[in-house]
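Input: a single structure, listed below in structure tokens.
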Amino acid sequence: MKNYTSISELYNLEETIQKAIQLKKNPLQNSELGKHKTLVMLFFNASLRTRLSTEKAARNLGMHVSILNVNEAWQLEFEDGTKMNTNTSEHIKEAARIISLYADIIAVRAFPSLKNKQLDESEQVLNSFMKYATVPILNMESATGHPLQALADALTITEHKLTKKPKVVLSWAPHSKALPQSVANSFVEMMQFMEADFSITHPKGYELNPKLTKQTEIIYNQEQALENADFVYVKNWSTYDPYGQILSQDETWMMTKAKLGNAKFMHCLPVRRNVVATDEVLDHENSLIIEQANNRTFAAQAVLEDILQDLKSS
Ligand code: CP
């Protein structure tokens with residue numbers, strides 16, 4: 001794999017999931033593969049899981065890891081041809097090439113503005129690194145996608161499913177902040193690669209990018225959508241059209257044990273307790289949230305392995 005910026009760059013999803021399952025049994029089995037290689041992780045936004053799991057994955061492969069909170073460094077300019085006489089101190093053209101001197105792989109986390117849809121959809125930060133860096137790029141959550149999270153989620157469903165084609169529902173939840181659509185987008189994309197009876201439920205107005213959901217059934221009645229579900233993935237996102245808005249904080253969309261029934265509960269975390277889902281749901285034995293977070297390490301490790309193998313053979 002040359003880069004991992006979206007799910008479509010995986011060579012083979014099933015093989016990647018099986019590799020992650022094997023790595024989980026023996027995380028140090030390829031601890032020489034990344035020897036003398038460095039992963040530089042760039043954070044434009046906060047992280048707990050992605051930061052620690054990706055670092056752990058890289059160390060399991062014998063890599064060195066350098067982490068930069070970019071907002072504590074020089075403020076980067078991404079526009080081409082601009083006169084840099086205001087706030088930005090360094091252009092991405094130099095920064096990406098220079099970071100490439102110190103890194104064998106660059107991992108980037110850069111959230112959307114949720115103010116300018118066109119700019120967010122252009123994936124300016126991620127694509128600028130793709131354009132100017134000279135080493136592979138790993139997406140640690142960008143403006144429109146979170147493919148490492150989606151791979152961990154696919155791994156979690158694979159481990160816990162009891163039928164070949166489980167019923168999986170993505171259910172919108174209320175939240176007091178306008179959140180990105182990235183996790184939901186990548187989960188929807190991932191479900192299109194997996195064998196699953198998949199649907200989305202949300203209040204009217206919370207439709208995701210129709211280019212992503214065109215193959216997916218949308219059910220506006222949450223109770224009807226959740227009927228006989230095997231897995232319920234709960235997540236808030238802000239509106240796509242109009243962009244980045246909170247239209248509703250309707251508490252009746254919060255996940256409760258009564259609504260969940262016997263389904264397994266999933267969420268990418270962090271989660272606001274008793275807003276997105278009740279304590280009872282989060283603390284129940286059917287909650288997979290800790291397992292999902294654990295699987296972030298092995299999903300990242302499987303991806304890093306593929307990139308390192310390609311670097312070795314190039
Ligand atoms: N789920 C996830 O990406 O968590 P962090 O934001 O803590 O990395």
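In each ligand, atom 1 is the first atom listed, and ligand 1 is the first ligand listed. Model, not experiment: these values are computed from the prediction. For the single chain, residues carry numbers from 1 onward in sequence order.
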NZ (Lys56) with more than 12 external heavy atoms under 6.0 Å: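 Not buried by this count: 12 neighbours or fewer within 6.0 Å.
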Any chance CG of Asn221 has more than 12 other-residue heavy atoms, nucleotides or ligands included, within less than 6.0 Å?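 Counting other residues, nucleotides and ligands, CG of Asn221 exceeds 12 neighbours.
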Ring centres under 6.0 Å, that's the criterion: do His284 and Phe265 meet it?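 No, ring centres 6.0 Å or more apart.
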Contact check, Arg109 vs ligand 1, heavy-atom distance below 4.0 Å: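 For ligand 1, residue contact (heavy atoms, under 4.0 Å) with Arg109 is present.
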Using distance alone, determine whether [X] and ligand 1 share an N or O pair under 3.5 Å.
X: Cys268; result: yes
X: Arg51; result: no
X: Leu48; result: yes

What do we get for Leu269 next to ligand 1 when only non-hydrogen atoms under 4.0 Å count, side chain, backbone, both or neither?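 Just the backbone.
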Indicate, as side chain, backbone, both or neither, the part of Gln149 found under 4.0 angstrom from ligand 1 when only non-hydrogen atoms are considered.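 Under 4.0 Å from ligand 1, Gln149 contributes side-chain atoms alone.
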Would you confirm whether Ser186, through its side chain, and His146, through its main-chain N or O, come within 3.5 Å as a donor-acceptor pair?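 Answer holds: yes.
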Mark up the atoms of ligand 1 that fall under 4.0 Å of a heavy atom belonging to Arg296, in ascending order.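 Matching atoms, with element in brackets: 1 (N), 2 (C), 3 (O).
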Decide whether a cation-pi geometry holds between Lys264 and Phe231; the criteria are a distance under 6.0 Å from NZ or CZ to the six-membered ring centre and an angle within 45° of the ring axis.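 No, Lys264 and Phe231 do not form such a contact.
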Lys117 NZ/CZ over Tyr240 ring centroid, <6.0 Å and within 45° of normal: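 So Lys117 does make the cation-pi contact.
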Best match, His146, Arg49, Glu141, His267: closest heavy atom to atom 3 (O) of ligand 1: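 When every heavy atom of His146, Arg49, Glu141, His267 is considered, His146 comes closest to atom 3 (O) of ligand 1.
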